[in-house]
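Worksheet for the structure shown next.
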Amino acid sequence: MLWEQKVKNHFPDSHAEIHLGTILNNLRTIHKRAGTEKVFAVVKCDAYRHGAVRVSRHIEDAADWFGVASVDEGIQLRMGGLKKPILVFNVPGYDTAAAYHTHNLTATVSHKTHFDTLMDGTRYQLNFDTGMGRFGFMPEDAADVRQLAVMNQRLSCSGIYSHYATADDPGSDFVRKQYERFSNITELFKEIPLRHMSNTGAVANYDIGHFNMVRTGVGMLGYNSGEKRYDWLKPALTWKTRIVQIRKIKKETPVSYSSTWKAPQEGYLATIPVGYGDGIPRSLSNKLKVWIDGELYPQVGNVTMDNIMVFLGEKQLPAETEVTLLGGEGWNAHDWAEKAGTNVHEILTNITGRVEKIYGES
Ligand SMILES: *Cc1c(COP(=O)(O)O)cnc(C)c1O
């Protein structure tokens with residue numbers, strides 16, 4: 001694998017290897033499974049910390065649209081050279097109205113005041129709340145919204161969309177209900193070219209229609225959004241570090257804050273320079289396992305801000321031995337999410353700026 005050569009002028013304690021080719025393959029796989037005309041890459045929160053500009057530039061030819069949460073995230077993509085259309089999910093305001101126009105960002109109109117807020121010539125898409133309860137027009141207001149869109153010819157509408165609340169869970173009747181609600185709304189907006197609703201979970205877990213575009217974030221990075229795992233998605237990020245110190249400890253030696261763990265036997269304890277300040281949830285204390293020299297070893301004691309400790313038993317390894325924390329042959333983000341009681345999205349977005357990102361084409 002060809003990783004970029006880096007000039008050593010700083011010394012990160014851990015790094016994430018990000019496989020851009022894997023992201024591209026995942027995107028194509030999801031697009032194909034959805035059977036939609038178009039595909040929309042969700043790269044909010046710095047592409048779930050995979051690096052929005054690098055990831056977007058790599059998949060730019062394969063994606064029709066890009067999506068971000070905020071205007072700032074959209075500007076970052078434009079500054080990084082992205083040319084494709086970018087939709088901003090969050091609400092526009094008077095402070096951001098000019099930026100949509102200047103940076104050619106498509107706004108989400110999800111309230112009637114937004115028609116007045118945006119500047120002449122701004123592009124937008126309409127968002128309907130079919131059950132997410134976050135933002136969007138209510139389905140019963142669809143006819144009035146249509147009227148407002150027709151009256152506001154100074155703005156240009158390219159699509160309508162909605163968002164599933166329960167698509168992570170494969171057996172939800174509510175998905176079908178939301179699908180029906182959105183289908184009915186689309187009948188009123190036949191001349192609007194783009195209609196989209198499905199996220200990764202809707203494509204992976206449901207055999208339903210996906211209108212003419214599918215939006216994927218976590219799927220592109222190699223994970224389904226719920227508990228169900230699919231081997232046709234390949235995780236794109238491997239987080240690695242190394243052992244910085246190894247010591248022999250006696251039976252009953254307590255380890256870390258609050259002494260929640262004591263050595264069951266004499267053995268070797270490795271200190272590894274990543275903690276919750278890097279993105280290892282403290283709730284994984286005494287639950288996490290990491291991959292070292294061909295085996296999984298238990299992380300022991302409480303996760304600290306900057307370090308974790310791993311008990312190697314009788315195995316003695318030299319300092320500098322490589323450790324795989326997440327992905328690769330170690331536990332993946334599904335394993336972390338399950339043990340931490342959260343979702344894959346949160347595990348990935350928890351990875352902080354301390355972790356150096358290194359990109360590979362494969
Ligand atoms: C985050 C988000 C998505 C992507 O969801 P994934 O589960 O990552 O595929 C799609 N649409 C909207 C509106 C979002 O906010």
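Counting starts at 1 for both ligands and their atoms, following the listed order.
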Which donor-acceptor pairs under 3.5 Å do the side chains of residues 135-150 make with protein atoms, sequence neighbours left out?
residue	atom	partner	partner atom	Å
Arg146	NH1	Leu188	O	2.7
Arg146	NH1	Glu191	OE1	3.3
Arg146	NH1	Glu191	OE2	3.1
Arg146	NH2	Glu191	OE2	3.0

Practice problem: State which residue, out of Asp168, Asn26, Thr216, fulfils the side chain to side chain donor-acceptor pair (under 3.5 Å) condition with Thr200. | Solution: Thr216
Quiz item: Does the side chain of Arg49 pick up a donor-acceptor pair with the side chain of Asn350 at under 3.5 Å?
Solution: no
Quiz item: Does the side chain of Ile59 reach to within under 4.5 Å of the side chain of Met220, using non-hydrogen atoms?
Solution: yes
Quiz item: Is the closest basic N to carboxylate O distance between Glu60 and Lys83 below 4.0 Å?
Solution: no
When you pair each N or O of ligand 1 with protein N or O atoms, which pairs come out under 3.5 Å?
residue	atom	partner	partner atom	Å
ligand 1	7 (O)	His345	NE2	2.9
ligand 1	8 (O)	Tyr48	OH	2.5
ligand 1	8 (O)	Val218	N	2.8
ligand 1	8 (O)	His345	NE2	3.4
ligand 1	9 (O)	Thr200	N	3.1
ligand 1	9 (O)	Thr200	OG1	2.5
ligand 1	9 (O)	Gly217	N	3.1
ligand 1	11 (N)	Arg215	NE	2.8
ligand 1	11 (N)	Arg215	NH2	3.3
ligand 1	15 (O)	Lys44	NZ	2.7

Practice problem: Give the ring-plane orientation class for His334 versus Tyr223, where under 30° counts as parallel, over 60° as perpendicular and anything between as tilted. | Solution: perpendicular
